[in-house]
Number of protein chains: 2
Amino acid sequence: MSRMAAKDRREELIAAAFRVMVREGVTKATTRAIVNEAKMPLGVFHYCFNSREELLQEVLTRFTDRSAEAARKAFQEEGDLSARVCKSLGTFWDGVELSPGEHQVTYELTHYALRQAGFEELARRQYESYLEVHQTLLTEATESEGIRWTVPVPVLARYLNAVLEGLTLCWLVDRNSEDSRGVLRLVGDHLLTFAEKKE
Amino acid sequence: MSRMAAKDRREELIAAAFRVMVREGVTKATTRAIVNEAKMPLGVFHYCFNSREELLQEVLTRFTDRSAEAARKAFQEEGDLSARVCKSLGTFWDGVELSPGEHQVTYELTHYALRQAGFEELARRQYESYLEVHQTLLTEATESEGIRWTVPVPVLARYLNAVLEGLTLCWLVDRNSEDSRGVLRLVGDHLLTFAEKKE
DNA sequence: CAGCGTCTTGGACGGTCGACCAACACCTGA
DNA sequence: TCAGGTGTTGGTCGACCGTCCAAGACGCTG
């Protein structure tokens, strides 16, 4: 194998682990499966990582950041509040249907973290990040649209997060897009009822 | 060990597996952990089950039935529609906070089933059951309250399922009861806006 | 009592896993 | 040039896993 800095190999291993997880699930992402995906000999693994858990930690935080980034990108800037909410939800959902595996893995990682001693904090950070993104976007809308929310923003954020996560999970199982989008419309309209013109 | 019919041992093993999963997670429920929990020698396992997967199948379907039963029980029969919806959601939530482990396992089993070749159908049946319970209860309310829903019942059922599952998942991670109950109130009120007096 | 299903048990097999290590190859700077 | 830090490699270790089996114990029936 051509010589490569340990740092670079770490990144490639993380990317390989990412692919394996999306394709086959978290439990199947063994050290051997990962180095095989990266086309590296097994010995490389523990030269770059102290343990498999260290890799998993890294992957989980990247997934979390990735989700947050995707959510932020889904947030539309143009049009009136109604159009923006509708578009944002639609864009989020397109992402789900486009890459179901990635979303599936985020759930698996959460449950893995909840059961792994010393990993609970990572799961907590994951959901803290989710909620924070929703809060930020809700608050941003407040300023740019000249409205205020008639319900506490943390509650609204949790509501949105719950619906989106629950809906995604259900779709991952039964793939019923039509009803799912119906729910999305329901929630979008519902959200608008909490927006009140300022003054 | 005292003599016992294979059928009875099966039930005890299923119950033991149930306990191990709730306590330590699905992946930790190995054949050895299960027979140990049941205080039986290892050999018993494959005398009662053809494979570990056969046990898991059994446990998953029981969990599914159990959830459906719990949901049906949470459905309140007394009072007007508003009080019933409010009480039902409250009862469901009390169940979540009372036994988080059980709910956590249902998610783990879902994701396990989605990744296991030949098990996808079980996961599908699980969520089909969830949705069906919601539909049934919504339709029941239709008749006993003399109303009709202004939104297709399957969409409403999926909405409820999504919120409850997503909210539970989020709570399992961050244990924020206050905001969770706030969301529940939001959703309860929202649901009522879809009820329309008949004629 | 003998015979025969049913149940019990401890041990063993092959496989996979995370982790580790000694030996070697390479590159750089003194 | 050569010594020492850095990267590479294949093999190996002990642990744990699901599964299987032989040998025997039990209890009913004829």
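Side chains are part of it too, since the values below use all heavy atoms of this structure and drop only hydrogens, waters and symmetry mates. Here is the naming used below: chain letters follow the sequence lines, and residue numbers restart at 1 for every chain.
- Only at 4.0 angstrom or more do the heavy atoms of residues 14-28 of chain B sit from any atom of DNA chain C, so none qualifies.
- Annotation: the span from A:S67 atom OG to A:Y127 atom OH amounts to 9.5 Å, rounded to 0.5 Å.
- Spacing between atom CG of B:L13 and atom P of C:dT8 amounts to 11 Å, rounded to whole angstrom units.
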Would you tabulate the pairs of protein nitrogen or oxygen atoms and nucleotide nitrogen or oxygen atoms of nucleotides 28-30 of chain C closer than 3.5 angstrom?
none

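- One can place CD of A:E54 at 10 Å from P of C:dA19, the figure rounded to the nearest angstrom.
- In this structure, the side chain of A:R84 does not engage the main chain of A:G79 through any donor-acceptor pair within 3.5 Å.
- Counting only distance, with no hydrogens or angles, the side chain of B:E69 and the backbone of B:D65 share no donor-acceptor pair below 3.5 Å.
- Side chain of B:R115 to main chain of B:T110: no donor-acceptor pair is present (N/O by atom type, distance under 3.5 Å, no hydrogens or angles).
- Within the structure, salt bridge (Lys or Arg N to Asp or Glu O under 4.0 Å) contacts touching residues 160-178 of chain A (residues at least two apart or in different chains) are A:D174-B:R158.
- B:H46 has no side-chain polar atom (N or O) that falls below the 4.0 Å cut-off from OP1 or OP2 of D:dC20.
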Treating primed atoms plus P, OP1 and OP2 as sugar-phosphate and everything else as base, which nucleotides of nucleotides 7-14 of chain D get B, S or - for protein heavy atoms under 4.0 Å?
BBBB----

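- Annotation: salt bridge (Lys or Arg N to Asp or Glu O under 4.0 Å) contacts involving residues 183-193 of chain A, sequence neighbours excluded, are absent.
- B:H190 and A:H190 have parallel rings, their planes meeting at less than 30° on a 0 to 90° scale where 60° marks the start of perpendicular.
- Going from atom CD of B:E53 over to atom P of D:dG18 covers 11 Å, rounded to whole Å.
- B:W93 and B:S180 are not linked by any side-chain donor-acceptor pair at a separation below 3.5 angstrom, with hydrogens and angles left out of the test.
- Taking atom CG of B:L55 as the reference point, atom P of D:dC17 lies 15 Å away to the nearest angstrom.
- Between B:R124 and B:E128 there is no salt bridge, since no side-chain nitrogen of the basic residue lies less than 4.0 Å from a carboxylate oxygen of the acidic one.
- Atom CD1 in A:I34 sits about 15 Å away from atom C1' in C:dT16, given to the nearest Å.
- Judged as a side-chain contact (heavy atoms from CB on, under 4.5 Å), and not counting sequence neighbours, the contacts of B:R66 are B:F18, B:E102.
- In this structure, CG on A:L13 lies 13.0 Å from OH on A:Y47, to the nearest 0.5 angstrom.
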